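The chains referred to below are lettered A, B, ... by the order of the sequence lines, with proteins before strands, and numbering in each begins at 1. Being a predicted model, the structure only gives us computed values, none of them experimental.
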Number of protein chains: 2
Amino acid sequence: MHSAKQRIMMTAMRLFAERGYQSTAVADLLRESSVHSGSLYHAFPTKQDVLIAVLEAYRDGIAPMLLEPAWKGVHDPIERIFALLGAYRRLLVETGCTYGCPIGSLALELHEPDPPIRALLAANFDGWIDHVRDCLEQARHRFGEDVDTHRLATFILTVMEGGVMQARTHRRIEPFDDCVEVLRDYVSRLTVKGEGNRR
Amino acid sequence: MHSAKQRIMMTAMRLFAERGYQSTAVADLLRESSVHSGSLYHAFPTKQDVLIAVLEAYRDGIAPMLLEPAWKGVHDPIERIFALLGAYRRLLVETGCTYGCPIGSLALELHEPDPPIRALLAANFDGWIDHVRDCLEQARHRFGEDVDTHRLATFILTVMEGGVMQARTHRRIEPFDDCVEVLRDYVSRLTVKGEGNRR
DNA sequence: TGATGGGTTGATCGATCAATCAAGTCGTGC
DNA sequence: GCACGACTTGATTGATCGATCAACCCATCA
(Lines give C-alpha, C1' and ligand atoms only; values in the text may rest on other atoms or scores of the structure.)
Protein backbone atom coordinates (compact mmCIF):
# COMPACT_ATOMS: atom_id res chain seq x y z
CA MET A 1 0.00 0.00 0.00
CA HIS A 2 1.29 3.44 -0.82
CA SER A 3 1.93 5.76 2.07
CA ALA A 4 -0.31 8.77 2.56
CA LYS A 5 2.48 11.00 1.30
CA GLN A 6 2.86 8.99 -1.89
CA ARG A 7 -0.88 8.94 -2.50
CA ILE A 8 -1.07 12.69 -2.05
CA MET A 9 1.74 13.23 -4.52
CA MET A 10 0.23 10.94 -7.14
CA THR A 11 -3.13 12.66 -6.79
CA ALA A 12 -1.54 16.10 -6.84
CA MET A 13 0.40 15.36 -10.05
CA ARG A 14 -2.84 14.32 -11.70
CA LEU A 15 -5.07 17.10 -10.40
CA PHE A 16 -2.54 19.90 -10.89
CA ALA A 17 -2.17 18.76 -14.49
CA GLU A 18 -5.91 18.34 -15.06
CA ARG A 19 -7.20 21.46 -13.30
CA GLY A 20 -4.16 23.53 -12.43
CA TYR A 21 -2.72 24.39 -9.04
CA GLN A 22 -5.13 27.06 -7.88
CA SER A 23 -8.22 25.23 -9.05
CA THR A 24 -7.23 22.18 -7.03
CA ALA A 25 -8.52 22.61 -3.48
CA VAL A 26 -6.76 20.85 -0.65
CA ALA A 27 -10.12 19.17 -0.02
CA ASP A 28 -9.90 17.70 -3.56
CA LEU A 29 -6.48 16.25 -2.81
CA LEU A 30 -7.78 14.78 0.43
CA ARG A 31 -10.87 13.21 -1.12
CA GLU A 32 -9.17 11.74 -4.20
CA SER A 33 -6.23 10.33 -2.28
CA SER A 34 -8.32 9.11 0.68
CA VAL A 35 -6.26 11.03 3.18
CA HIS A 36 -7.39 13.27 6.02
CA SER A 37 -6.27 16.84 6.34
CA GLY A 38 -4.13 16.20 9.38
CA SER A 39 -2.14 13.58 7.50
CA LEU A 40 -1.54 15.90 4.59
CA TYR A 41 -0.32 18.67 6.83
CA HIS A 42 1.81 16.16 8.68
CA ALA A 43 3.58 15.27 5.42
CA PHE A 44 3.62 18.79 3.91
CA PRO A 45 3.77 22.10 5.80
CA THR A 46 1.57 23.90 3.23
CA LYS A 47 -0.19 23.31 -0.06
CA GLN A 48 2.71 25.03 -1.81
CA ASP A 49 5.07 22.37 -0.45
CA VAL A 50 2.96 19.76 -2.24
CA LEU A 51 3.57 21.70 -5.44
CA ILE A 52 7.30 21.81 -4.72
CA ALA A 53 7.37 18.04 -4.24
CA VAL A 54 5.44 17.56 -7.48
CA LEU A 55 7.85 19.77 -9.44
CA GLU A 56 10.81 17.92 -7.95
CA ALA A 57 9.22 14.63 -8.99
CA TYR A 58 8.73 15.87 -12.55
CA ARG A 59 12.31 17.15 -12.65
CA ASP A 60 13.72 13.86 -11.39
CA GLY A 61 11.37 11.90 -13.65
CA ILE A 62 12.32 13.46 -16.98
CA ALA A 63 14.71 10.68 -17.92
CA PRO A 64 13.09 7.57 -16.36
CA MET A 65 9.42 8.49 -16.76
CA LEU A 66 9.37 10.54 -19.94
CA LEU A 67 12.42 9.95 -22.12
CA GLU A 68 13.07 6.25 -21.63
CA PRO A 69 9.53 5.17 -22.57
CA ALA A 70 9.47 7.57 -25.51
CA TRP A 71 12.86 6.42 -26.76
CA LYS A 72 12.29 2.68 -26.49
CA GLY A 73 13.41 1.26 -29.83
CA VAL A 74 14.43 4.63 -31.21
CA HIS A 75 18.17 5.08 -31.51
CA ASP A 76 18.69 7.82 -34.05
CA PRO A 77 19.26 11.01 -32.01
CA ILE A 78 17.18 13.22 -34.32
CA GLU A 79 14.33 10.71 -34.38
CA ARG A 80 14.49 10.61 -30.59
CA ILE A 81 13.60 14.29 -30.55
CA PHE A 82 10.55 13.67 -32.71
CA ALA A 83 9.69 10.60 -30.67
CA LEU A 84 9.65 12.86 -27.62
CA LEU A 85 7.30 15.26 -29.39
CA GLY A 86 5.26 12.20 -30.34
CA ALA A 87 4.89 11.33 -26.66
CA TYR A 88 3.28 14.71 -26.01
CA ARG A 89 1.10 14.21 -29.07
CA ARG A 90 -0.16 10.91 -27.69
CA LEU A 91 -0.95 12.55 -24.36
CA LEU A 92 -2.93 15.24 -26.13
CA VAL A 93 -4.86 12.80 -28.28
CA GLU A 94 -5.62 10.44 -25.40
CA THR A 95 -7.10 13.27 -23.35
CA GLY A 96 -9.04 14.97 -26.13
CA CYS A 97 -6.46 17.76 -26.27
CA THR A 98 -7.13 18.85 -22.70
CA TYR A 99 -3.92 17.65 -21.10
CA GLY A 100 -0.63 19.07 -22.30
CA CYS A 101 2.70 19.68 -20.60
CA PRO A 102 2.02 20.17 -16.88
CA ILE A 103 5.16 22.27 -16.43
CA GLY A 104 4.14 24.71 -19.14
CA SER A 105 0.66 25.05 -17.71
CA LEU A 106 1.98 25.74 -14.24
CA ALA A 107 4.59 28.15 -15.59
CA LEU A 108 1.91 30.35 -17.11
CA GLU A 109 -0.66 29.85 -14.37
CA LEU A 110 1.61 31.02 -11.55
CA HIS A 111 2.35 34.62 -12.44
CA GLU A 112 4.38 35.63 -9.43
CA PRO A 113 5.62 32.36 -7.96
CA ASP A 114 7.87 32.21 -4.93
CA PRO A 115 11.54 31.79 -5.86
CA PRO A 116 11.74 28.04 -5.11
CA ILE A 117 8.73 27.40 -7.36
CA ARG A 118 10.13 29.44 -10.22
CA ALA A 119 13.53 27.79 -9.82
CA LEU A 120 11.92 24.35 -10.09
CA LEU A 121 9.93 25.32 -13.17
CA ALA A 122 13.15 26.59 -14.74
CA ALA A 123 14.99 23.43 -13.69
CA ASN A 124 12.36 21.32 -15.44
CA PHE A 125 12.78 23.29 -18.65
CA ASP A 126 16.58 23.17 -18.33
CA GLY A 127 16.59 19.41 -17.83
CA TRP A 128 14.35 18.87 -20.85
CA ILE A 129 16.52 21.17 -22.98
CA ASP A 130 19.71 19.46 -21.83
CA HIS A 131 18.51 16.07 -22.98
CA VAL A 132 17.41 17.42 -26.36
CA ARG A 133 20.72 19.21 -26.72
CA ASP A 134 22.50 15.92 -26.05
CA CYS A 135 20.58 14.40 -28.96
CA LEU A 136 21.60 17.29 -31.17
CA GLU A 137 25.23 16.91 -30.09
CA GLN A 138 25.12 13.24 -30.97
CA ALA A 139 23.99 14.29 -34.44
CA ARG A 140 26.46 17.13 -34.59
CA HIS A 141 28.24 15.75 -37.66
CA ARG A 142 25.04 16.18 -39.63
CA PHE A 143 24.76 19.89 -38.85
CA GLY A 144 26.95 22.76 -39.78
CA GLU A 145 29.58 23.40 -37.17
CA ASP A 146 28.15 26.75 -36.21
CA VAL A 147 24.75 25.39 -35.22
CA ASP A 148 24.14 26.35 -31.59
CA THR A 149 22.69 23.16 -30.12
CA HIS A 150 21.52 24.78 -26.89
CA ARG A 151 19.71 27.48 -28.80
CA LEU A 152 18.15 24.93 -31.11
CA ALA A 153 17.04 22.79 -28.15
CA THR A 154 15.46 25.88 -26.58
CA PHE A 155 13.63 26.40 -29.85
CA ILE A 156 12.38 22.82 -29.87
CA LEU A 157 10.98 23.19 -26.35
CA THR A 158 9.27 26.36 -27.51
CA VAL A 159 7.71 24.56 -30.47
CA MET A 160 6.43 21.81 -28.18
CA GLU A 161 4.96 24.18 -25.60
CA GLY A 162 3.44 26.51 -28.17
CA GLY A 163 1.99 23.59 -30.09
CA VAL A 164 0.47 22.13 -26.95
CA MET A 165 -1.01 25.51 -26.06
CA GLN A 166 -2.73 25.89 -29.41
CA ALA A 167 -3.92 22.29 -29.51
CA ARG A 168 -5.44 22.66 -26.04
CA THR A 169 -7.08 25.94 -26.90
CA HIS A 170 -8.69 24.57 -30.06
CA ARG A 171 -9.23 21.11 -28.61
CA ARG A 172 -7.76 19.85 -31.89
CA ILE A 173 -4.43 18.15 -32.56
CA GLU A 174 -3.89 19.84 -35.92
CA PRO A 175 -2.05 22.95 -34.67
CA PHE A 176 0.40 20.72 -32.81
CA ASP A 177 0.92 18.54 -35.87
CA ASP A 178 1.40 21.62 -38.04
CA CYS A 179 4.11 22.92 -35.75
CA VAL A 180 5.94 19.59 -35.63
CA GLU A 181 5.75 19.35 -39.43
CA VAL A 182 7.32 22.76 -39.83
CA LEU A 183 9.99 21.85 -37.30
CA ARG A 184 10.76 18.69 -39.27
CA ASP A 185 11.15 20.76 -42.39
CA TYR A 186 13.54 23.12 -40.62
CA VAL A 187 15.65 20.32 -39.16
CA SER A 188 15.83 18.59 -42.52
CA ARG A 189 17.06 21.81 -44.08
CA LEU A 190 19.67 22.15 -41.34
CA THR A 191 20.96 18.64 -41.96
CA VAL A 192 21.16 18.71 -45.74
CA LYS A 193 24.79 18.11 -46.55
CA GLY A 194 26.85 21.02 -47.80
CA GLU A 195 24.44 23.79 -46.91
CA GLY A 196 24.18 23.11 -43.22
CA ASN A 197 25.13 26.55 -42.01
CA ARG A 198 24.18 29.99 -43.01
CA ARG A 199 24.52 32.11 -39.85
CA MET B 1 -14.52 60.56 -17.23
CA HIS B 2 -14.61 56.88 -18.03
CA SER B 3 -17.75 55.04 -17.10
CA ALA B 4 -17.63 52.44 -14.37
CA LYS B 5 -17.87 49.70 -16.97
CA GLN B 6 -14.89 51.08 -18.90
CA ARG B 7 -12.81 51.48 -15.75
CA ILE B 8 -13.57 47.90 -14.74
CA MET B 9 -12.52 46.62 -18.14
CA MET B 10 -9.27 48.59 -18.17
CA THR B 11 -8.43 47.36 -14.68
CA ALA B 12 -9.41 43.80 -15.54
CA MET B 13 -7.21 43.74 -18.63
CA ARG B 14 -4.27 44.85 -16.52
CA LEU B 15 -4.87 42.61 -13.50
CA PHE B 16 -5.78 39.49 -15.49
CA ALA B 17 -2.51 39.94 -17.40
CA GLU B 18 -0.44 40.67 -14.29
CA ARG B 19 -1.87 38.07 -11.91
CA GLY B 20 -4.13 35.86 -13.97
CA TYR B 21 -7.89 35.45 -13.84
CA GLN B 22 -8.27 33.31 -10.75
CA SER B 23 -5.76 35.25 -8.69
CA THR B 24 -7.64 38.49 -9.36
CA ALA B 25 -10.38 38.84 -6.76
CA VAL B 26 -13.47 40.84 -7.58
CA ALA B 27 -12.49 42.99 -4.60
CA ASP B 28 -9.20 43.78 -6.40
CA LEU B 29 -11.10 44.92 -9.48
CA LEU B 30 -13.35 47.08 -7.31
CA ARG B 31 -10.53 48.72 -5.39
CA GLU B 32 -8.25 49.44 -8.36
CA SER B 33 -11.02 50.77 -10.56
CA SER B 34 -12.74 52.72 -7.75
CA VAL B 35 -16.05 51.01 -8.32
CA HIS B 36 -18.40 49.44 -5.82
CA SER B 37 -19.55 45.89 -6.09
CA GLY B 38 -23.11 46.78 -6.96
CA SER B 39 -21.92 48.80 -9.96
CA LEU B 40 -19.77 45.95 -11.21
CA TYR B 41 -22.61 43.49 -10.95
CA HIS B 42 -24.87 46.01 -12.62
CA ALA B 43 -22.53 46.12 -15.63
CA PHE B 44 -21.58 42.42 -15.62
CA PRO B 45 -23.72 39.49 -14.45
CA THR B 46 -20.70 37.55 -13.12
CA LYS B 47 -16.93 37.76 -12.89
CA GLN B 48 -16.72 35.45 -15.89
CA ASP B 49 -18.59 38.01 -17.98
CA VAL B 50 -15.83 40.50 -17.21
CA LEU B 51 -13.39 37.97 -18.65
CA ILE B 52 -15.55 37.57 -21.74
CA ALA B 53 -15.60 41.32 -22.28
CA VAL B 54 -11.82 41.45 -21.84
CA LEU B 55 -11.26 38.67 -24.38
CA GLU B 56 -13.59 40.40 -26.84
CA ALA B 57 -11.65 43.62 -26.38
CA TYR B 58 -8.37 41.82 -27.07
CA ARG B 59 -9.86 40.16 -30.14
CA ASP B 60 -11.19 43.43 -31.52
CA GLY B 61 -7.98 45.22 -30.57
CA ILE B 62 -5.51 43.01 -32.43
CA ALA B 63 -5.29 45.28 -35.46
CA PRO B 64 -5.70 48.77 -33.94
CA MET B 65 -3.97 48.23 -30.58
CA LEU B 66 -1.29 45.68 -31.39
CA LEU B 67 -0.46 45.52 -35.10
CA GLU B 68 -0.76 49.15 -36.16
CA PRO B 69 1.64 50.46 -33.48
CA ALA B 70 4.06 47.60 -34.13
CA TRP B 71 3.97 48.12 -37.88
CA LYS B 72 4.38 51.90 -37.91
CA GLY B 73 7.12 52.60 -40.45
CA VAL B 74 7.56 48.93 -41.31
CA HIS B 75 6.28 47.99 -44.73
CA ASP B 76 8.08 44.81 -45.70
CA PRO B 77 5.64 41.99 -44.89
CA ILE B 78 8.32 39.67 -43.49
CA GLU B 79 9.80 42.43 -41.38
CA ARG B 80 6.33 43.17 -40.08
CA ILE B 81 6.23 39.68 -38.61
CA PHE B 82 9.46 40.26 -36.77
CA ALA B 83 8.31 43.73 -35.75
CA LEU B 84 5.31 42.04 -34.17
CA LEU B 85 7.58 39.67 -32.29
CA GLY B 86 9.62 42.73 -31.33
CA ALA B 87 6.53 44.25 -29.74
CA TYR B 88 6.21 41.24 -27.45
CA ARG B 89 9.91 41.47 -26.72
CA ARG B 90 9.53 45.08 -25.63
CA LEU B 91 6.65 44.13 -23.35
CA LEU B 92 8.74 41.41 -21.76
CA VAL B 93 11.78 43.65 -21.24
CA GLU B 94 9.73 46.54 -19.88
CA THR B 95 8.15 44.30 -17.25
CA GLY B 96 11.26 42.38 -16.26
CA CYS B 97 10.00 39.34 -18.17
CA THR B 98 6.92 38.97 -16.00
CA TYR B 99 4.31 40.05 -18.52
CA GLY B 100 3.90 38.08 -21.72
CA CYS B 101 0.96 37.39 -23.98
CA PRO B 102 -2.21 37.64 -21.87
CA ILE B 103 -4.11 35.30 -24.17
CA GLY B 104 -1.53 32.57 -23.85
CA SER B 105 -1.46 32.90 -20.09
CA LEU B 106 -5.23 32.66 -19.85
CA ALA B 107 -5.33 29.77 -22.32
CA LEU B 108 -3.12 27.65 -20.07
CA GLU B 109 -4.52 28.94 -16.78
CA LEU B 110 -8.12 28.02 -17.57
CA HIS B 111 -8.02 24.25 -17.94
CA GLU B 112 -11.69 23.57 -18.46
CA PRO B 113 -13.15 26.87 -19.60
CA ASP B 114 -16.78 27.30 -20.51
CA PRO B 115 -17.37 27.12 -24.27
CA PRO B 116 -17.71 30.89 -24.83
CA ILE B 117 -14.38 31.47 -23.07
CA ARG B 118 -12.60 28.82 -25.07
CA ALA B 119 -14.13 30.11 -28.29
CA LEU B 120 -12.84 33.61 -27.53
CA LEU B 121 -9.35 32.34 -26.73
CA ALA B 122 -9.36 30.46 -30.04
CA ALA B 123 -10.71 33.53 -31.86
CA ASN B 124 -7.82 35.58 -30.50
CA PHE B 125 -5.30 33.03 -31.77
CA ASP B 126 -7.11 32.78 -35.11
CA GLY B 127 -7.14 36.55 -35.58
CA TRP B 128 -3.43 36.79 -34.81
CA ILE B 129 -2.62 33.95 -37.19
CA ASP B 130 -4.77 35.44 -39.95
CA HIS B 131 -2.84 38.70 -39.88
CA VAL B 132 0.52 36.92 -39.92
CA ARG B 133 -0.70 34.71 -42.77
CA ASP B 134 -1.66 37.86 -44.70
CA CYS B 135 1.93 39.05 -44.33
CA LEU B 136 3.20 35.72 -45.60
CA GLU B 137 0.80 35.87 -48.54
CA GLN B 138 2.07 39.33 -49.43
CA ALA B 139 5.55 37.82 -49.55
CA ARG B 140 4.37 34.73 -51.35
CA HIS B 141 6.60 35.35 -54.38
CA ARG B 142 9.63 34.97 -52.15
CA PHE B 143 8.62 31.51 -50.96
CA GLY B 144 8.27 28.28 -52.80
CA GLU B 145 4.76 27.81 -54.06
CA ASP B 146 4.08 24.84 -51.82
CA VAL B 147 4.70 26.73 -48.59
CA ASP B 148 1.53 26.50 -46.47
CA THR B 149 1.14 30.04 -45.16
CA HIS B 150 -1.50 29.15 -42.59
CA ARG B 151 0.66 26.39 -41.21
CA LEU B 152 3.67 28.66 -41.10
CA ALA B 153 1.67 31.39 -39.35
CA THR B 154 0.53 28.82 -36.78
CA PHE B 155 4.18 27.95 -36.27
CA ILE B 156 5.11 31.60 -35.76
CA LEU B 157 2.43 32.01 -33.09
CA THR B 158 3.82 28.90 -31.42
CA VAL B 159 7.32 30.32 -31.44
CA MET B 160 6.08 33.57 -29.89
CA GLU B 161 4.07 31.86 -27.17
CA GLY B 162 6.75 29.31 -26.36
CA GLY B 163 9.41 31.99 -26.28
CA VAL B 164 7.33 34.14 -23.95
CA MET B 165 6.74 31.15 -21.69
CA GLN B 166 10.43 30.41 -21.33
CA ALA B 167 11.41 34.06 -20.92
CA ARG B 168 8.84 34.48 -18.16
CA THR B 169 9.91 31.29 -16.42
CA HIS B 170 13.57 32.26 -16.41
CA ARG B 171 12.87 35.97 -15.96
CA ARG B 172 15.39 36.45 -18.76
CA ILE B 173 14.85 37.62 -22.33
CA GLU B 174 17.49 35.33 -23.81
CA PRO B 175 15.27 32.28 -24.46
CA PHE B 176 12.84 34.52 -26.36
CA ASP B 177 15.66 36.06 -28.39
CA ASP B 178 17.09 32.62 -29.10
CA CYS B 179 13.76 31.43 -30.48
CA VAL B 180 13.30 34.50 -32.67
CA GLU B 181 16.86 34.10 -33.97
CA VAL B 182 16.20 30.51 -34.99
CA LEU B 183 12.92 31.52 -36.60
CA ARG B 184 14.77 34.19 -38.58
CA ASP B 185 17.20 31.57 -39.77
CA TYR B 186 14.37 29.32 -40.87
CA VAL B 187 12.50 32.06 -42.71
CA SER B 188 15.68 33.15 -44.47
CA ARG B 189 16.23 29.55 -45.60
CA LEU B 190 12.65 29.44 -46.88
CA THR B 191 13.10 32.60 -48.90
CA VAL B 192 16.45 31.82 -50.51
CA LYS B 193 15.77 31.82 -54.21
CA GLY B 194 15.72 28.54 -56.04
CA GLU B 195 15.54 26.29 -52.99
CA GLY B 196 12.35 27.60 -51.50
CA ASN B 197 10.49 24.34 -51.32
CA ARG B 198 11.42 20.93 -50.17
CA ARG B 199 8.18 19.42 -48.88
C1' DT C 1 3.59 -3.44 31.36
C1' DG C 2 4.26 0.94 30.23
C1' DA C 3 6.42 4.69 27.82
C1' DT C 4 7.57 6.78 23.41
C1' DG C 5 6.64 8.86 19.07
C1' DG C 6 5.38 8.66 14.12
C1' DG C 7 1.23 8.86 11.99
C1' DT C 8 -4.10 9.48 11.71
C1' DT C 9 -8.69 11.36 12.64
C1' DG C 10 -12.08 14.87 11.70
C1' DA C 11 -14.22 18.82 13.76
C1' DT C 12 -13.23 23.47 13.54
C1' DC C 13 -11.11 27.98 12.64
C1' DG C 14 -10.70 32.73 10.58
C1' DA C 15 -10.00 34.60 6.08
C1' DT C 16 -11.45 35.34 1.73
C1' DC C 17 -14.30 34.42 -2.10
C1' DA C 18 -18.10 35.76 -5.62
C1' DA C 19 -22.43 37.50 -5.42
C1' DT C 20 -26.73 39.92 -3.43
C1' DC C 21 -29.87 43.53 -2.24
C1' DA C 22 -32.38 47.23 -0.01
C1' DA C 23 -31.67 51.87 0.04
C1' DG C 24 -30.10 55.90 -2.01
C1' DT C 25 -28.66 59.38 -5.89
C1' DC C 26 -29.35 61.70 -10.06
C1' DG C 27 -30.67 63.11 -14.73
C1' DT C 28 -34.63 63.17 -17.89
C1' DG C 29 -39.38 63.59 -19.67
C1' DC C 30 -43.81 64.96 -18.73
C1' DG D 1 -43.27 69.06 -9.16
C1' DC D 2 -43.14 64.43 -9.77
C1' DA D 3 -42.59 59.91 -11.52
C1' DC D 4 -39.42 56.93 -13.62
C1' DG D 5 -35.37 54.26 -14.89
C1' DA D 6 -30.38 54.07 -14.83
C1' DC D 7 -26.87 53.73 -11.96
C1' DT D 8 -24.36 53.78 -7.25
C1' DT D 9 -23.62 52.68 -2.42
C1' DG D 10 -21.76 49.44 0.90
C1' DA D 11 -23.20 46.20 4.33
C1' DT D 12 -24.09 41.49 4.16
C1' DT D 13 -24.55 36.61 2.71
C1' DG D 14 -23.37 31.67 2.33
C1' DA D 15 -19.82 29.00 0.34
C1' DT D 16 -15.32 27.68 0.11
C1' DC D 17 -10.61 28.29 1.04
C1' DG D 18 -6.05 26.73 3.44
C1' DA D 19 -4.71 25.53 7.79
C1' DT D 20 -4.99 24.04 12.85
C1' DC D 21 -5.32 21.07 16.82
C1' DA D 22 -6.56 18.04 20.61
C1' DA D 23 -7.48 13.47 20.76
C1' DC D 24 -6.47 9.08 19.28
C1' DC D 25 -4.18 4.71 17.18
C1' DC D 26 -0.60 1.47 17.20
C1' DA D 27 4.04 -0.51 16.27
C1' DT D 28 8.37 -0.64 18.75
C1' DC D 29 11.31 -1.30 22.50
C1' DA D 30 12.63 -1.17 27.27
Side-chain angles (χ1 to χ4, degrees), chain A residues 1-57 105-106 109-118 120, chain B residues 1-56 102 105-106 109-118 120:
Chain A
M1 187 56 175
H2 293 291
S3 73
K5 188 167 184 171
Q6 286 175 314
R7 293 208 307 281
I8 292 165
M9 284 218 30
M10 289 166 52
T11 305
M13 291 178 82
R14 183 170 57 84
L15 292 187
F16 290 171
E18 284 178 6
R19 319 178 184 176
Y21 174 69
Q22 306 187 80
S23 295
T24 301
V26 173
D28 297 332
L29 291 177
L30 300 178
R31 183 175 4 92
E32 304 217 13
S33 54
S34 297
V35 161
H36 295 271
S37 66
S39 297
L40 185 147
Y41 285 100
H42 179 81
F44 300 97
T46 70
K47 182 190 178 190
Q48 178 168 293
D49 290 286
V50 179
L51 175 61
I52 288 176
V54 164
L55 290 175
E56 287 172 343
S105 299
L106 290 168
E109 175 190 345
L110 307 168
H111 286 241
E112 283 160 352
D114 285 347
I117 302 289
R118 198 169 58 74
L120 278 167
Chain B
M1 187 58 176
H2 293 293
S3 73
K5 188 167 185 172
Q6 286 175 313
R7 293 208 307 282
I8 292 165
M9 283 216 32
M10 288 167 53
T11 305
M13 292 178 83
R14 182 169 57 83
L15 292 187
F16 289 171
E18 285 178 5
R19 319 178 183 177
Y21 173 69
Q22 304 187 81
S23 295
T24 301
V26 173
D28 297 332
L29 291 177
L30 302 177
R31 184 176 2 91
E32 303 217 14
S33 53
S34 299
V35 161
H36 296 271
S37 67
S39 297
L40 186 147
Y41 285 99
H42 178 80
F44 300 98
T46 69
K47 182 190 177 189
Q48 179 169 293
D49 291 285
V50 179
L51 175 61
I52 288 176
V54 164
L55 290 174
E56 288 172 342
S105 299
L106 290 168
E109 175 189 346
L110 306 168
H111 285 240
E112 283 161 352
D114 285 346
I117 302 289
R118 198 169 59 73
L120 279 167

Please name the pair of heavy atoms, one in B:Ala12 and one in B:Leu29, separated by the smallest distance, quoted to 0.1 Å.
->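 Heavy atoms of B:Ala12 and B:Leu29 come nearest at CA-CD2, 3.6 Å.
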Could you tell me if the side chain of [Y] sits less than 4.5 Å from the side chain of [X], heavy atoms only?
| X | Y | result |
| --- | --- | --- |
| B:Pro102 | B:Met13 | no |
| A:Ile52 | A:Asp49 | yes |
| A:Thr11 | A:Val35 | no |

Which residues in [range] have a heavy atom closer than 4.0 Å to any atom of DNA chain D?
| range | value |
| --- | --- |
| residues 37-46 of chain B | B:Ser37, B:Gly38, B:Ser39, B:His42 |
| residues 9-30 of chain A | A:Thr24, A:Ala25, A:Val26 |
| residues 48-55 of chain B | none |

Output all residues satisfying salt bridge (Lys or Arg N to Asp or Glu O under 4.0 Å) with A:Arg19, sequence neighbours left out; order by chain, then residue number.
->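 A:Asp28, A:Glu32.
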5' to 3' contact window, DNA chain D with chain A (heavy-atom distance under 4.0 Å) |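 Range of nucleotides within reach of chain A: D:dC17 to D:dC21.
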Could you check whether any side-chain N or O of [X] sits under 3.5 Å from a backbone N or O of [Y], counting only pairs where one atom can act as donor and the other as acceptor?
| X | Y | value |
| --- | --- | --- |
| A:Glu109 | A:Tyr21 | yes |
| A:His111 | B:Glu18 | yes |
| A:Arg7 | A:His2 | yes |

Within residues 22-54 of chain A or reaching into it, pairs that qualify as ring-ring contact (aromatic ring centres under 6.0 Å, His included) - sequence neighbours excluded =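 Qualifying pairs, neighbours excluded: none.
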Can you tell me if the side-chain N/O atoms of A:His36 get under 4.0 Å from OP1 or OP2 in C:dT8?
-> no
